[in-house]
Every structure is written in C-alpha cells, then in structure tokens.
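To start, the structure under review is shown below, and the notes come after it.
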There are 4 protein chains.
Amino acid sequence: MASNRQVEIALAAVKLFEKKGYHATSVQDIADEVGLQKGSLYHYIHSKEDLLLQIAHQAITDFNQRLETILASDLPAKDKLIQAIENHITVSAANIETTTVLLREAFSLGENQHQMIQDLSDRYVDLWTQILIEGKESGEFNVVHPRITALAILGACNWVYRWFRAGGKYDAKDISAMFSQLFLEGLLA
Amino acid sequence: MASNRQVEIALAAVKLFEKKGYHATSVQDIADEVGLQKGSLYHYIHSKEDLLLQIAHQAITDFNQRLETILASDLPAKDKLIQAIENHITVSAANIETTTVLLREAFSLGENQHQMIQDLSDRYVDLWTQILIEGKESGEFNVVHPRITALAILGACNWVYRWFRAGGKYDAKDISAMFSQLFLEGLLA
Amino acid sequence: MASNRQVEIALAAVKLFEKKGYHATSVQDIADEVGLQKGSLYHYIHSKEDLLLQIAHQAITDFNQRLETILASDLPAKDKLIQAIENHITVSAANIETTTVLLREAFSLGENQHQMIQDLSDRYVDLWTQILIEGKESGEFNVVHPRITALAILGACNWVYRWFRAGGKYDAKDISAMFSQLFLEGLLA
Amino acid sequence: MASNRQVEIALAAVKLFEKKGYHATSVQDIADEVGLQKGSLYHYIHSKEDLLLQIAHQAITDFNQRLETILASDLPAKDKLIQAIENHITVSAANIETTTVLLREAFSLGENQHQMIQDLSDRYVDLWTQILIEGKESGEFNVVHPRITALAILGACNWVYRWFRAGGKYDAKDISAMFSQLFLEGLLA
DNA sequence: TATGAATGAGTGTTCATTCAT
DNA sequence: AATGAATGAACACTCATTCAT
C-alpha cells in the first residue's frame, strides 16, 4: 500500500526521468522536487534504480492487463485490433511521461531488472500477435507472419510518445483511427 | 578528414554505447577498447558528448541522404515507399549498433546538440511525408493525413532495431517485404 | 536500575558488536534484534556509543572485582595466581561475546570514554602485578620485573578470546591449568 | 613495484589507522595526509579496504617469513624459541603502527579478505607450535599441549603492542629477555 | 603522439539522532 | 512507551577533463 509520499516521489521521478533522463536525474533532484532532504527519500525508496523499476513495471503491467482484457472479449479480431490500437495510443498519450520512461529509460536498469521488464514487454508482443493469429484463423486478416506484423503495428504505436503532443491538431482518438485505417485497409487506392 | 585512429575510436564508442548505453560507458572503457590511455583519447576527440554527437549525426545524415536519393528518382510513389522501407530496414539491420545509438542514446546529448539531431530527424520525417503526399496527389495512395501516416510507418521501421537479430529466421529484405505488404495492402482479407 | 528492555538491548548489542563489530553494527540492527523501531531504542539508551561504554565498563569492572576478591584472600601468591588465571579464562570463555567487545571494540569509543576503560584496564594490570610482587616478597616467585611479567601473563590470557571455542577439545579449566603450569614451571625439562 | 606515492599513501594509512582506527579514518583523511585530492588517491589504491588488506597482508607475511627462517635453522628448540620471541617483539616494537593495524583492525576487513589474513595468522601459530613440538621431541621442553602453549606464548607477545612505548624504561630486547626467562624457567623459585 | 598524474565536482547511499504524534 | 518521518552530515567512490612531460 503506497503512502501519499511514495506516490508523490514516484510522480516526481517520472516527471524528472522524462524530462532529463534517468542518468541525468540525481536523487537530489527528486528530493528537491518533493521538498525532502535526499537522505529522507530513502524512507520511501529502496534505491534510485528501484524507483525506475517500479515505474516501468507498473507501466508495462498496465499495458498488459488492458490488452488481456481486450483479448478475452468475444469481439471479432478486427475489432480487437482496433481496440488494442486505441487503447495503446490513448493510454500512451494520457500517461506520456510514464510511457516515455518505460520505452526510453528501462534500458538503464541493471541486467536482471531490465530483463524483468523485457519479459513483460515480450508478453505484450505475444498478446498483439495473438490478435493477429485470431484474425488469420477466422479469415478476417490476410496475414502470413503474425509476429512480424504485430511488431510492425506495435512499433508504430510505440513511436507515438516521441511526437504526440496534447492539445495538438489531433487527439489520441483521432490518431488511433488513422492508425487502424492504415493497418486494416492499407495505403493503396 | 578522419584519421584511422579517429575511426577506430568512433567504432569502439558505437560498440560500447550500444552495449552499455552512453552514460554507463566511461571514457576509460573506450580507451581500453582501442588500447590507449584515456588522456590520449583527447588528442582525437573533443569530448565524450561530441563523440556521441558525431555518431548520431553521421547516422541520421546517412538516412537522410539515402532517402533524398530515393525521393529524387522518377519512380511512382508506391515504389518509392517500397524502396524507402527497404532502405531504412536494411540500413538499420546492417548498422544496428549505430542505429541503436542514434535512436536510443541521442537523448543523452545536451539540449543544443540534441536539437541538432532532432532537426535532422524531423527532416527525415518530412521526406517520408513527401512520398505519401506524392502518392496521394498521383492517386496511388488513399491517404488523408500524410504526416501522421508517415509517422506510423517510420515508427514501425524505427522499432526494428529493438527486435531484429542477424541470422534470425528472416533477413532484412524479408522483413522489408512484409512491412511493405502491410502498409500497402492492409490486413483485411 | 536496568529494566528488562535495557538488559535485552544490551544483550542484543553485545551479540551484534561481537559478530559484526561496533562500527558495522547499526542502531537499526540492534532495534531489529530486539523487535523495536530504532527511534524507540532511544527511550532506553543514550547513544550507540554509550551502549558500547556500558558493555565495556561492566565487563572490565567485573574482571577487576573478581581479581580484587582473589587478591584479598589470604592464599599464598602461587595460589592467587592460579586462581587469577582460572578466573580470567573461565570468565572470558563463559562471556566470550562481552569479552570480545571489551578487548576488540573499546577502542572505538571516543577519547574520553576510551580513557575511562583504559584506566580500569590499567587498574586490572596493577592487580595482577600486585600478585607477582607478593610472590616475589614471599620468596615464592623468582621474578625481577613484576609489571612486565604481569603484562606477559595477562596478554596470554587476553588472547584466549581469539581462539577459544566452547565445545572444543579442552574446556576453560583445562586451558587454565595448562597456562598455570607454563607460567609457574616454565618449559624447560 | 610500488611507486613512491603508493608507499607514501600506505604509510599515511598505517599512521591514521593506528591513531584513529580503520572505520574512523576517512579516505579524505588519508588524502589530506599525503596532500592529494581524495579522488586522486584512487590512481594508487583500489579501495580503502584494499589498502587495509595490503598493510595487514604485508605485516603477517613478514612475521611468517621471519619465523620460517628461524625454524629452518639448526639451532636447538630452546634457542629457536628465544629467537622467535625476540624477533616477534622487536619487529612489533619497531613497526608498532603496522602491528597495531594488523592485530586490531584486520577484523574490519570483509569476510573473504579477513579470512585471508586469518589463514596467514593460523600459519603463524603453526610455526610457533612447530618449535614447541621440536623441543618436546628433543626432550628440551616439558610440554604436553604444544598448540595451547604456543597460543599462550604468542598471546603474550601479541599483547605487547598495547603497552610497549619506545623510549620507555625497557627496550624491545630487554622485554624479549624477560619473556624468554618467564616461559623457559617459570615463576617458581 | 602518448602518457598518467591530478583535479574537483558529483554520485547514490548510510546512519545516528531528534521529535511530533 | 512506541512510532516513523525527517534530518543533515558524512561516506567511499567515479569520472570527464586537463596538462606537464
């Protein structure tokens, strides 16, 4: 059960890791952000690295859980894919700092911790792949290599955090619709 | 004009930045890799950060130049897109360390230097967008938002360095073909 | 008057100081051992250093009192020496943790506190010396330099905590007898 | 091959470890003593703990080598014992700081490093024991338990660093003679 | 060109102690 | 009596960079 201070610290860390990067953010920076001495921070965190792990772990777990829910529904594969894209992009956009930390900074974790995140990320790819396999088997999708196709679609979605800006011309739903259109219909007229 | 030693140092840095990350790589690590003392390295480099900048700059410039060549050809937009995809993925795969450093580590540059790379990357997006606009205007492509579509395709391609492994089941050309098929034809049967 | 909790804390401290050393033992370690939070410990102790002082002070005072009793008896010097050796070794062996803390860790006290223990230790040397003087004056002992001789015997006894292990081949009484034999009769056949 | 600076640093460390103890001596203290920045110290040492290990290792190795030389001579056991005592005490007295660090501070080493010193110290006890066994077998010594007797004599000698002061009434040779007399002839008139 | 000594600021982390509740 | 949040100074150690030789 996370105390207020723990949440506050995690939020400060997410903000700073997103802005400056994990390595360029010092424990002192985080302490300043929450108004504590840096020594005091260690009542709430185990280490700076652990803080990053918590953030990344929560983020990828959240993505996984949501996608599992979509996959468990009895929608046709086409609609599951549409939902998966919309879910990923809207969550990315709504939690853009956390998503940035997950996708950009998790590599800074030590080997074991990084592997933990990597395993969960691999699981996420598996779930996307499952949707494509379902669509292939139902005859909805014309797809030969479901995993590579999943990696293409996920790659496109995972790039969104790099250019999406809230308040821009298109919101997350708009972009989701464009992505779905592209992946389902293709470019050719 | 880069001396042999300068090239050697840049290659060592690319290798280490890819393996350990920019921040986790010390100047001593690079010196060890090329068999010099770390003080001696400074006869060849301006700073560790400058080394990263050179690597990233060369990488994105190379991507830009190749895409400009493709764009300047008088192929139909569809073929330009196919070539752009194949070019990006084969270059990424052949220079996976450099590409990784460009895409994963350039953020570690200081603000001004990072902006320089960002500007070149934006230029790269522009070139992709141009292909889509050409295809839209020629009636080849059914595309409403060329820039967003470009970002989707480029995102998919920029994710390849994260999962591609040389010697795997599919080579870079195979994957390029799958990507082109997906983006041109879409998934729907 | 020491409460149960105070005794419990002192015992925990002795155990930990012996096992890990004074500096390597944190107040948190002691709190964990007695099942309190470290803040709560300060209801019972003045400071970590004071805890060490209490332990060392009690140990050396105990040694002094016992030796004073022996010295006050009307035994011949030879028997006083035999008793002094047996007393020191059996007490050391029975309270090996406390003795270890006294002999190994008291130096970690601040200057004033350390001097207090040092003064009591000097007093202990004086008592041993007194036995030797008695034996010299009674003609029992052939000894020219009673203080140096006392330091030799005491040194041998003070080393016992470093190698004695309960349950070994010889118990404290056995070792005491061997020591007495050595110091009284010498090695020569 | 130790540079001047390395020797200088080791000497400073010995001096400070003796005066304040290992834990109470900071790397900054050592740097101040030799007139370097504390970061610069790390050109010469691996870690603070390693510095302690070097000092202790050199000290116990020196004791061992000297005793091995004595043991290898063809003197009678009685004379070997006399030389062993004189050697130990004169070396202790001449290098009282180093000896103090060996005997008082080696416990502050981490487990593995401490064990290394412990093994060498055990070897030293073996050598003393060997002298007593020789004297027993030659009929020179009346000794039943050579190892315990060795520990008694060595304990007496290892205590000397605690009370010996150069320039005092007796020098190291005087004290060695008194010790030999005590252990060989015993106290009884 | 190459060295390696030296810097000095900075890092994450520990810890004895205090104190309001 | 007991907690646990908070302090603030201290710690060992790292590192990019400089520079005299």
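A note on names: the letters A, B, ... follow the listed sequences, proteins ahead of strands, and every chain is numbered from 1. Predicted model only: the values in this text are computed from it and were never measured.
At least one side-chain heavy atom of D:Asp50 sits under 4.5 Å from a side-chain heavy atom of D:Leu53. Contact of the C:Gln28 side chain with the C:Asp32 side chain is registered, since non-hydrogen atoms from C-beta on lie closer than 4.5 Å. Taking the side chain as every heavy atom from C-beta outward, C:Leu102 and C:Ile117 approach each other to under 4.5 Å.
Judged by distance alone, with hydrogens and angles left aside, the side-chain atoms of D:Glu105 form a donor-acceptor pair with the main-chain N or O of D:Tyr22 at under 3.5 Å. Looking at A:Gln37, its side chain never comes within 3.5 Å of a backbone N or O of A:Ala31 through a donor-acceptor pair. When atom types are taken as modelled, the side chain of B:Gln6 and the backbone of B:Ser3 share a donor-acceptor pair closer than 3.5 angstrom. Distance alone, capped at 3.5 Å, places no donor-acceptor pair between the C:Arg104 side chain and the D:Arg104 backbone. B:Thr98 contributes no side-chain N or O that, together with a main-chain N or O of B:Ala59, makes up a donor-acceptor pair within less than 3.5 Å. No donor-acceptor pair closer than 3.5 Å links the side chain of A:Lys19 to the backbone N or O of A:Val14. No donor-acceptor distance shorter than 3.5 angstrom exists from the side chain of C:Lys15 to the backbone of C:Ile30, with no hydrogens or angles considered. With B:Asp29 contributing its side chain and B:Ser26 its backbone, the two residues share a donor-acceptor pair below 3.5 Å. At least one donor-acceptor pair under 3.5 Å links the side chain of A:Asn64 to the backbone N or O of A:Leu120.
Using a 4.0 Å cutoff on non-hydrogen atoms, no part of residues 105-112 of chain C comes near DNA chain E. Within residues 32-48 of chain D, the residues having any heavy atom closer than 4.0 Å to DNA chain E are, in order of number, D:Leu36, D:Gln37, D:Lys38, D:Gly39, D:Ser40, D:His43, D:Tyr44. Interface residues of residues 14-24 of chain D facing DNA chain E, ordered by number: none; criterion, heavy-atom separation under 4.0 Å.
Residues D:Arg5 and C:Val27 both approach DNA chain E. Their nearest nucleotides, taken by heavy-atom distance, put D:Arg5 toward the 5′ side. Along DNA chain F, the nucleotide nearest to D:Glu49 and the one nearest to B:Thr25 differ in position, and the one closer to the 5' end is contacted by D:Glu49.
Considering CD of D:Gln115 and CG of D:Asp122, their distance stands at 7.5 Å, rounded to 0.5 Å.
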Show me the donor-acceptor pairs within less than 3.5 Å that the side chains of residues 38-46 of chain C make with the rest of the protein, sequence neighbours left out.
none

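Put simply, chain C comes within 4.0 Å of DNA chain F, heavy atom to any atom, from F:dA1 to F:dG4, going 5' to 3'.
Ring geometry for A:Tyr124 versus A:Phe63: interplanar angle of 30 to 60°, hence tilted.
What separates CG of A:Asp29 from P of E:dA9 is a distance of 18 Å, to the nearest Å.
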| Intra- and inter-strand pairs of DNA chain F in dot-bracket (Watson-Crick or G-U wobble, both distances under 3.5 Å; | for another strand) | .||||||||||||||||||||
